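The basis for the numbers below is simple: all heavy atoms, side chains too, and nothing from hydrogens, waters or symmetry mates. What you see is a predicted model, and the numbers here were worked out from it, not measured in a lab.
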Amino acid sequence: METKDIEQLLKNAKYKHLSEKTLVSYRDNQLGRAGLAMAEAHLRLCLICERRFTFLKEEQESVENYVVTDNDRALIERAKKKIEPAPRATDPITTRIKQAVAYFNDLLTAWIRPFSQPAMRGGKDGEVIWEYESKDGVLKAWAVSKTDFSLTVHFESIELTWEGIRIQFRLGPFTKEVTLTREGDSKVVAKIEIPRRKLARKMDDISIEIL
Amino acid sequence: MERKSTEKSRCTVEIDLALLRRYQDGDQHALNDLFEIHFVLIYFWAGKVSRKVPRANPDDLKQEACVAFIFLAKVFDTSGSQDFHGHIRVTIKAALYLSPEIRVAKRTLYLNYRKVRETQEDWAIKFDRKPTIEELSQATGLTIKQVNNALHVMAAFPFQFEETEGDIGFETPHHSEDPYQSTLLENAIDQLRPEHAEVIIRQFFSGHPQQKIADDLGTSVGAIKMRVRRAIINLRKIILREGVQRDGN
């Protein structure tokens, strides 16, 4: 490749249609200086890519405003039935465990989202720094900080069949196993106390396993 | 089971990967959550396509896209940090393209699309600007509506049409598209010294004449010519090095 080839490459660059990845990056202001200049040079010349870019901008507006409807959910269910086999009947214990797994997985997602952001400020003594409740209210959890910077994570459920379920909780290098125990007639609970020296730097490095 | 949340679910790579892992481990609720976040893409692109193919049933198009969504969620590689949102867009558009609803319309769409595309590309090289819709209409002999429809189709589908042996299928990347080459060039320019990148961008992409570049940067045309020449030499070195690292050739 000679320098005259490079010069020709530069002259022709603005005629190259933009890939969808480039158009999305352009839309989201994620292109570097050269990429931005190349994209703008081409968009000044091309109705096709201009239209593609317009659609992507409209897509972005839809993403911000759209709410899934009952009709949409019905379509999703029909699609699932088309490709997913019907679930086999399972014994009650397996069902109970699977149910708990699903709820705790949802809890994990709710934990990871805020804690994957840049460092949250420490809390005051007794301050609840995180809380979760499943939409049906079956599972609740909350994390309380103390003045010595230790953390206590509480779990509470109205699903009494979960009594006796053992949970292995891991946050960074800290691991603890607890059992959901009955408290009164209406709930099962568990509590995990994490001393300050064992608190992870990366608070989104968490796992909860149902044993 | 749904999560109570005080904030609308946001689409992030981390959340998508977490939900995909859960779904691939057998949690059907995670698939529902993925659909809640991304269904808008199905709604949007199915809507775009059905507007130009009146006989297509929008719900049938969405159904095809939902099935494709589920298949992608089953097999998506969650070990890295790939952008599921970007992949699902391409998957949805491909599913719409392949749907029986669209198959019947392809041949008509293909003929006009090809005329518009070739005319647009020739126009850009000849006149160094984009044509108006009216100019495209005149140059192709199509109506303004047909030109608009062709542009709409090109924007809605990820693949371009190709006619081989009387059938419409996918087109291998057109000569005017070369994402690899564009990326190589872009990355190479980003590695230049700032004063070299500046003159390259101004001359070849912003289209400034060298006199204007010299005036803006407070120097002479001779200095700009020298700077461009050095920039091109350095670009060549970078591109050759990157090309060898990538291809081994």
**Q** Does any heavy atom of chain A fall under 4.5 Å from the side chain of B/Glu135, the backbone, both, or neither of them?
**A** neither
**Q** List the steps and the verdict of salt bridge (Lys or Arg N to Asp or Glu O under 4.0 Å) for B/Lys48 and A/Glu58.
**A** CA-CA 10 Å; B/Lys48 280 293 182 197; A/Glu58 290 171 5; 2.5 Å; yes
**Q** Indicate the ring-plane relationship of A/Tyr66 and B/Phe39, choosing parallel, tilted or perpendicular according to the 30° and 60° boundaries.
**A** parallel
**Q** Please classify the contact between B/Trp123 and chain A as side chain, backbone, both or neither, with a heavy-atom cut-off of under 4.5 Å.
**A** neither
**Q** Taking the basic N atoms (NZ, or NE/NH1/NH2) and the acidic carboxylate oxygens, is any pair closer than 4.0 Å for B/Asp83 and A/Lys21?
**A** no
**Q** Quick one: side chain to side chain donor-acceptor pair (under 3.5 Å) partners of B/Asn148, sequence neighbours excluded?
**A** A/Arg51
**Q** Is A/Ile6 close to B/Ile233 at the side-chain level, that is, under 4.5 Å between some pair of heavy atoms?
**A** no
**Q** For chain B, find which of A/Val101, A/Asp5, A/Leu56 contributes the most heavy-atom pairs closer than 4.5 angstrom.
**A** A/Leu56
**Q** I'd like to verify something: which residue of B/Gly207, B/Cys66, B/Ala197 has the highest number of heavy-atom pairs under 4.5 Å with chain A?
**A** B/Cys66
**Q** Heavy-atom pairs under 4.5 Å with chain A - which of B/Asp190, B/Val116, B/Asp59 has more of them than the others?
**A** B/Asp59
**Q** To the nearest 0.5 angstrom, please state how far the CD atom of A/Glu59 sits from the CG atom of B/Leu41.
**A** 5.0 Å
**Q** Please test A/Arg73 against B/Phe35 for side-chain contact (heavy atoms from CB on, under 4.5 Å), starting from the C-alpha separation and ending with a verdict.
**A** CA-CA 9 Å; A/Arg73 293 193 182 95; B/Phe35 267 117; over 6 Å; no
**Q** Between B/Glu121 and A/Tyr15, does the side-chain contact (heavy atoms from CB on, under 4.5 Å) criterion hold? Intermediate values first, please.
**A** CA-CA 8 Å; B/Glu121 287 166 4; A/Tyr15 300 117; over 6 Å; no
**Q** Would you mind telling me which of A/Leu139, A/Leu23, A/Ile76 has the largest number of heavy-atom pairs within less than 4.5 Å of chain B?
**A** A/Ile76
**Q** Considering heavy atoms only, which positions within residues 27-38 of chain A lie below 4.5 Å of chain B?
**A** A/Arg27, A/Leu31, A/Arg33, A/Ala34, A/Gly35, A/Ala37, A/Met38
**Q** Can you tell me which of B/Arg129, B/Gln203, B/Gln120, B/Arg202 forms the most heavy-atom pairs within a distance under 4.5 Å of chain A?
**A** B/Gln120
**Q** Hey, are the side chains of B/Arg236 and A/Glu7 touching, using non-hydrogen atoms and a 4.5 Å cut-off?
**A** no
**Q** Just wondering, more than 12 heavy atoms not from B/Gln138 lying within 6.0 Å of its CD?
**A** no
**Q** Within this structure, what is the OG1-CG distance for the pair A/Thr109 and B/Asp33, rounded to the nearest 0.5 Å?
**A** 7.5 Å
**Q** Would you call B/Lys93 and A/Glu20 a salt bridge, taking side-chain N to carboxylate O under 4.0 Å as the test?
**A** yes
**Q** Flag the one option from B/Ile201, B/Ile133, B/Val67 with the top tally of heavy-atom pairs under 4.5 Å to chain A.
**A** B/Ile201
**Q** When you measure from the centre of the six-membered ring of B/Phe205, is the NZ or CZ of A/Lys14 closer than 6.0 Å and no more than 45° off the axis?
**A** no
**Q** Side-chain contact, heavy-atom cut-off 4.5 Å: A/Val24 with B/Arg89?
**A** yes
**Q** Got a donor-acceptor contact below 3.5 angstrom from the A/Arg52 side chain to the B/Met154 backbone?
**A** no
**Q** Does the side-chain contact (heavy atoms from CB on, under 4.5 Å) test come out yes or no for A/Leu10 and B/Ile189, once each step is laid out?
**A** CA-CA 10 Å; A/Leu10 287 165; B/Ile189 295 171; 4.2 Å; yes
**Q** Which region of A/Asn12, side chain (C-beta onward) or backbone (N, CA, C, O), has a non-hydrogen atom less than 4.5 Å from a non-hydrogen atom of chain B, or is it both or neither?
**A** neither
**Q** Heavy-atom pairs under 4.5 Å with chain A - which of B/Asp128, B/Ile200, B/Val228, B/Leu235 has more of them than the others?
**A** B/Asp128
**Q** Which atom names give the shortest non-hydrogen contact between B/Gln63 and A/Arg78, and what distance separates them?
**A** OE1-NE, 3.2 Å
**Q** Taking atom OH of B/Tyr43 as the centre, does the number of heavy atoms from other residues, nucleotides or ligands within less than 6.0 Å exceed 12?
**A** no
**Q** Within residues 40-47 of chain A, which positions have a heavy-atom distance to chain B below 4.5 Å?
**A** A/Ala41, A/Leu43, A/Arg44, A/Leu45, A/Cys46, A/Leu47
**Q** Which bit of B/Leu136 is near chain A, if near means a heavy-atom gap under 4.5 Å: side chain, backbone, both or neither?
**A** side chain
**Q** Just so I understand: if I count every heavy-atom pair under 4.5 Å between each of A/Thr22, A/Asp72, A/Thr3 and chain B, which residue has the most?
**A** A/Asp72
**Q** For B/Arg22 and A/Leu108, run side-chain contact (heavy atoms from CB on, under 4.5 Å): C-alpha distance rounded to whole Å, both residues' side-chain angles, the deciding distance at 0.1 Å, then the answer.
**A** CA-CA 11 Å; B/Arg22 281 174 49 195; A/Leu108 276 177; over 6 Å; no
**Q** Cut-off 3.5 Å, side chains only: do B/Lys62 and A/Asn71 have a donor facing an acceptor?
**A** no
**Q** Could you check if a side-chain atom of B/Lys130 sits within less than 4.5 angstrom of a side-chain atom of A/Ile48, using non-hydrogen atoms only?
**A** no
**Q** How many angstroms lie between atom CG of B/Asp25 and atom CG of A/Asn105, to the nearest 0.5 angstrom?
**A** 7.5 Å
**Q** Sequence neighbours left out, what pairs pass ring-ring contact (aromatic ring centres under 6.0 Å, His included) with at least one residue falling in residues 158-190 of chain A?
**A** A/Tyr103-A/Trp162
